[in-house]
Asker: 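Below is one structure. I have some questions about it.
Sequential numbering from 1 along the given sequence is applied to the chain's residues. In listed order, ligands and their atoms are each counted from 1.
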Amino acid sequence: MTLLDGKQIAATIRAELRAEIDALRQAGRRVPRLGIVIVGHNPASETYVANKIKACQEVGFEAERIALEADISEADLLREVHRLNADPAIDGFIVQLPLPAHICESTILSAIDYRKDVDGLTPENVGRTVQGLPSIVSATPRGIRELLARYNILTAGRHVVVIGRSNIVGKPVAMLLMQRPYLSLPGMSASSLGDATVTICHSKTQDLPAICRTADIIIVAAGSPGLLTAEMVRPGTTVIDVGINRIDDPASPRGYRLVGDVDFPAVSPLCNYITPVPGGVGPMTIVSLLQNTLQAYHEHTR
Ligand code: NAD
């Protein structure tokens, strides 16, 4: 069994990005600038945003945190999105989710200029990705694909089972891995991407264990600790655990620890490859946001 070390791969990619940014500076060019809109004071969102800003600083990007009050109206938030769309100093921006209940997330996301949509969540970017047009791919699916590619795990002709059908993970990762491999990204070998046979499962799927036992690669993004058990995994499978769940742990100084959706102790001995949680998909998601920002910068400054 080999651990897919997202932390290590993300560090390698950050070093590559840093070298590219150093070269830009030396050439007298400006560096990429990412805007991060955060609405209200959700502690988890505050942590995610702080991590994204830190990641930007580590590679030499500029980051602008735009903090808005929880009671901001949808109209005022839309005005902020339009302002960022028009701001020539911003190459890309994200609106940290979730938004307060009185604001419609899809209205806000749809208003983002797809060329600055470095979360890859606008209908334009999703549609362009589906059609194989140049697009910004959402961060977690991009990170999963990159992790597979950097470990030379081929997906062509393999059966990939995706558990979860969200717009940010399940649907886009399924679509990416079944694509013809013409959407190659810098640093990736096109032959290692896409061309998989993909099955998407969700909470209404019948006999999930039987479907999982036919998989070469299982990607779990359900938010349900221990969902993937040893009886669902045949020997030699690759398992990508996207889940991030807090479970109580009085022995931890924080009172909780993070686990994924996989029963790791029982499943990992069966796998060829498996991601740990933490340290697998999570670091790849953040570094993919940086790669998306650089991609938007290059388009913006062409
Ligand atoms: P979500 O919460 O929007 O949806 C969960 C999906 O899982 C649904 O489609 C549901 O049908 C399916 N599901 C739930 N229980 C199931 C079951 N028992 N059997 C089959 N399907 C089931 O999903 P999300 O936003 O994609 O998040 C999923 C998990 O991934 C969460 O734990 C989240 O925190 C985590 N996540 C991690 C990263 C990362 O960078 N590592 C990024 C995004 C999300």
Side-chain angles (χ1 to χ4, degrees), residues 3-10 13-14 36 42-52 54-55 94-99 101 105-106 109 118-121 126 137-148 160-177 198-215 218-229 231-233 239-247 256-264 267 274-292:
L3 271 187
L4 296 172
D5 189 344
K7 205 170 162 189
Q8 176 60 45
I9 299 290
I13 296 170
R14 279 199 303 276
I36 303 180
N42 176 329
S45 294
E46 297 273 9
T47 305
Y48 291 137
V49 167
N51 288 340
K52 289 169 188 177
K54 188 164 153 255
I94 64 168
V95 178
Q96 183 67 43
L97 301 178
L99 291 172
E105 285 184 357
S106 71
L109 293 178
V118 288
D119 259 345
L121 296 178
V126 175
V137 173
S138 64
T140 304
R142 179 176 177 157
I144 292 170
R145 184 167 67 165
E146 181 116 23
L147 193 59
L148 291 170
V160 176
V161 170
V162 177
I163 307 175
R165 57 178 161 185
S166 71
N167 286 340
I168 63 167
V169 188
K171 278 190 266 186
V173 79
M175 198 251 312
L176 271 188
L177 295 182
V198 180
T199 302
I200 305 182
C201 301
H202 47 75
S203 51
K204 300 289 184 288
T205 296
Q206 303 272 307
D207 204 354
L208 183 64
I211 296 171
C212 288
R213 282 193 295 271
T214 66
I218 301 175
I219 299 174
V220 206
S224 175
L227 171 65
L228 193 78
T229 59
E231 57 128 10
M232 299 162 80
V233 177
V239 171
I240 307 291
D241 189 354
V242 184
I244 302 179
N245 308 291
R246 278 186 186 194
I247 59 165
Y256 68 88
R257 67 192 160 91
L258 296 180
V259 297
D261 290 348
V262 176
D263 177 358
F264 190 89
V267 169
I274 185 166
T275 55
V277 176
V281 175
M284 295 302 296
T285 295
I286 294 197
V287 87
S288 297
L289 174 67
L290 300 179
Q291 290 175 302
N292 281 347

Asker: Distance check, rounded to the nearest 0.5 Å: Leu176 atom CG versus Thr140 atom OG1?
Answerer: 11.0 Å

Asker: List the steps, then state whether side-chain contact (heavy atoms from CB on, under 4.5 Å) holds for Met284 with Arg142.
Answerer: CA-CA 8 Å; Met284 295 302 296; Arg142 179 176 177 157; over 6 Å; no

Asker: Heavy atoms only: give me the nearest Ile247-Pro225 pair and the separation to one decimal.
Answerer: CG2-CG, 4.4 Å

Asker: Quick check: closest heavy atoms across Gly243 and Val277, and the distance to 0.1 Å?
Answerer: O-CG1, 3.6 Å

Asker: What is the distance from atom OH of Tyr48 to atom CG of Leu289, rounded to the nearest 0.5 Å?
Answerer: 14.0 Å

Asker: For Leu121, which of Leu97, Ile94, Asn167 qualifies under side-chain contact (heavy atoms from CB on, under 4.5 Å)?
Answerer: Leu97

Asker: Using heavy atoms and a cut-off under 4.0 Å, could you grab the residues that are in contact with ligand 1, chain by chain, numbers ascending?
Answerer: Thr140, Ile163, Gly164, Arg165, Ser166, Ile168, Val169, His202, Ser203, Leu208, Ala221, Ala222, Gly223, Leu227, Val242, Gly243, Ile244, Asn245, Val281, Gly282, Thr285

